[in-house]
Structure formats: C-alpha cells, structure tokens
Number of protein chains: 2
Amino acid sequence: MPFAEPNTTRSASGGQPGSRRAQILAAAAELFARHGFHGVGINDIGAAVGISGPALYRHFRSKDAMLGEMLTSISEVLLGGALERVRTAEGPLAALHALIGWQVDFALDNPALITVQERDLGNLADSDRQQVRALQRQYVEVWVSAISQVVPAAGEPAARAASHAVFGLINSTPHSAHLDRGQMAELLHRMALAAVRAA
Amino acid sequence: MPFAEPNTTRSASGGQPGSRRAQILAAAAELFARHGFHGVGINDIGAAVGISGPALYRHFRSKDAMLGEMLTSISEVLLGGALERVRTAEGPLAALHALIGWQVDFALDNPALITVQERDLGNLADSDRQQVRALQRQYVEVWVSAISQVVPAAGEPAARAASHAVFGLINSTPHSAHLDRGQMAELLHRMALAAVRAA
DNA sequence: GGCTGTTGTTAGCGCTCATTAACCTGGTGG
DNA sequence: CCACCAGGTTAATGAGCGCTAACAACAGCC
C-alpha cells in the first residue's frame, strides 16, 4: 500500500473541499493525453493518485463524467481568459497580441489538456459534447472578431480558417518543446502573429 | 446484404492483388480518425467495406497490423515526396515553397490520415512505432535543413520547433475546411511561409 | 464513547472486444 | 470435371473493462 497524501477530507483544516477531485483530474488528463480515453483504465487513474480502482466513484459519477468535467472546465477557462484579455486590451492589435499570449501561455502550461481536448472530444457524452462545442464556438468567435479587425482584407470565413490554423500552430507545443519556456513562448508568439497578418 | 464491389479476387482481370487491403485501410483510417483506434471495433471496420467482422483476418494479421501498415505507409509517402520535391527544387527558397505545398496538398487530400497519425501514434506496436518515429525524424530533418537555409538567423533548435509549429498550422485542416480547396491551399501556404520567415 | 458520514478496500457481475475455430462457396488451373 | 484455395460466414473463447455491492476504518460531533 503506497502512501497517498494525508487527506483531511472535510472542509476542516488543510485541503479545500475539491482538492482530491482536482488531483484526480490532473492525473487523468496526463494519462488520457498519453494513451487516449479508451486506452486508459479506471484502475490506471486510481493508481496514479495512490488509490485503487473503484474508489474514484466516490468523487465522480463515471469515467465519462471525468472527461466531461475536464473538457468543459478547459473550455470555460479558455473562453473566460480570452474575454478578459480582449476587454482590458487597448485597441485591436493589442487585443490580438493578448489573445495570442493567452493561448500560448495556456498551451505551454497545460500540454496534456491541449492534447486531450483535440483528441478525445469525440468520446464525450452527447450533452457534454454539445456544451464544449458551444464554448469552443464562442472562443473561435472572439478570435475571428479580433483577426477581422486587424486584417480586414481577409473575409470572415478566411478569418475563421486562420483561427483554426493558428490554434494548430500554437497547440503544436506538446510535440516539440525543445526550447526553454521563454524562448518557446516568444517564438510561437512571433510565428502566430506573422501567420495571422498573412491571412 | 449490402453489395460491395464485385471483387475479382485474383491477379486476373480487374483489380490489383492488394486492392481490398487498400480499401480496408481507407475505411479504417476514416473510422480511426472519427472515433480513435480503441473506439473502433473490428466489426465496424468490416461493416464499412461490406464484409463482417473476422473476415478482415484474411487480409491483416491483427488490428494492430492495420494501424501499423497505415502509419508506416503515410510516413514513407510523406518522406519520399519531401525528398523528391527538395531534390528537384531550384534554390533554398523554392525548396521551402515546395515542402509547404507538398504538406498542404497532403493534408487537404488526406485529412483522416493526418488525424490518425497525430492521434494514435501511441497505440502502435513497439516495432512499428520505432519505424514510424524514425521516418518522422527524417522528415523533420528535411524541413529543419530547408528552414535553416532560408532563415539562418534562427538556430537549429528553433528551426526544429518552427517545423513542428508549421506542421500544426497546416494539419489544422481537419478542424476547419470552411473554404474551398483552392482558397484553403493558398491561405495555408501564405500563413505557413510567413510563420517560417518570422522564426 | 458510541453514531455517522466520508473515503477507502476487495470481490464479482455483465458486457464488449480481438482473435480463433470450423465450416461454406465459387472461380480457376490441370 | 474435379481438386484447390482465396475469401467469406457464424459460433465460441478468453481477457479486460466499467461499474456495483458489501464491508472496513477513521474523523468529528453530541
């Protein structure tokens, strides 16, 4: 029996109420990213946080619910951050810069989540998938609007395609990462901006 | 019983010897792209080509073998095409243009294969994975060399990271495709070139 | 100090899946 | 014409999976 963290379960002294859930989701994200949703067993996830198998059902209704919560949470965070950055930016170009910086930071800090989001979206339960898709659509719209203001020459469909292309560029992070974080962020930022301007 | 093509099996009149294998691989690629390797059953693949379930074992040793052949084949085609284009290009800039065009065409013509390659590489049997990884490394080297000649200011590690980023940009095709093929190709080409130049 | 709710445990159920076995069929070459 | 074999069928097998059931331990509260 490998020792897990001393979890003082309740709202008492140490840990927040949902800390265990977060820990489980983080471990699951790592595993899903490496082997795919269907390639990871409930026992694998449990083992990764020091408990074994069915104990996870004390924290999540099902394996599908884990993926659902994981992906809706990402989508909400991404959209919220994007709206916030655009709101506080001064001018369209600054907004685009802020969006790129936000996506770059998120991708560099959460490579596993990025991988899972674009790999296992199709494995979501129907209602979760609808919700995630809706959030993603809104996120894309924020980008389309920002791009259209900086590069009005491109039509709206082109701006939409360009958004997806830039996501692909920035989200390539999990496949490379041979530079240190600072250099990587700067490189991706420059490339993304140049790509958008060429649209 | 839905009618499949009239297959004159042997090396006789109509079809080549391996036509059925190719047909199966194409169907499997489509399914793998949509649901992931572990999300597709042997019966699904069979049904997609009009035969049912275990008949596939007359053509492939195992389900893993299908994925293996699919991915090694892609990698070989990509590498071969890249070498050919670089060889016949006049000057470094022309070589880079040719590489970008090659990757763009391949991604637009084979979105399912692109998806499978970056999603299910981890589900390959060990020996197949080694082979595919080796081919991919060579492919990246071709790009690194081309980029380094056009943008010598970027170091080799940056050129490598830039390669992956450009792959991500171009391979974003399966997630968008709202423009027609010609416009999409041109847009991706422009964006990719601009991104590389900014590296 | 016993009660209770939270968070674990292990055993087992039912289902799906890849793979194999055993059998069928129709075109082709001798 | 007949034997063969490539290519197809359905049934069975064995492993692995998600999930539930039944039970244990331990914290905090009255």
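Residue numbers start from 1 in every chain, and the chains themselves are labelled A, B, ... in the order their sequence lines are given, proteins ahead of strands.
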Margin query: Please report the distance, rounded to the nearest Å, between NE2 in B:His59 and C1' in D:dG8.
Written below: 8 Å
Next item on the list: Return the value, rounded to whole Å, for the distance between atom CD1 of B:Ile51 and atom P of C:dT25.
Entry: 18 Å
Notebook entry, point to check: For the rings on B:His35 and A:His38, is their centre-to-centre separation under 6.0 Å?
Noted result: no
Next item on the list: Answer with yes or no whether the side chains of A:Gln130 and A:Arg133 bring together a donor and an acceptor at under 3.5 Å.
Entry: no
Next item on the list: Could you check how far CZ of A:Phe60 sits from C1' of C:dT6, rounded to whole Å?
Entry: 16 Å
Notebook entry, point to check: Expressed in angstrom and rounded to an integer, what is the separation of A:Arg21 atom CZ from C:dT6 atom P?
Noted result: 14 Å
Check: Hey, does the Lys NZ or Arg CZ of B:Lys63 hover above the aromatic six-ring of B:Tyr57, less than 6.0 Å from the centre and inside 45° of the axis?
Finding: no
Next item on the list: Quick one, give me the B/S/- string for nucleotides 15-22 of chain C, reading 5' to 3', where B means a protein heavy atom under 4.0 Å from the base and S means that only happens at the primed atoms, P, OP1 or OP2.
Entry: ---SBB-B
Notebook entry, point to check: Quick one: CG on A:Asp120 to OG1 on A:Thr115, what's the gap to the nearest 0.5 Å?
Noted result: 10.0 Å
Note to self: From CG of A:Leu56 over to C1' of D:dG18, roughly how many Å is that when rounded to an integer?
What the structure shows: 11 Å
Check: side-chain contact (heavy atoms from CB on, under 4.5 Å) with A:Thr72: which residues, sequence neighbours excluded?
Finding: A:Gln131, A:Val132
Margin query: Within 45 degrees of the ring normal and closer than 6.0 Å to the centroid, is that where the cationic atom of A:Arg21 sits relative to A:Phe60?
Written below: yes
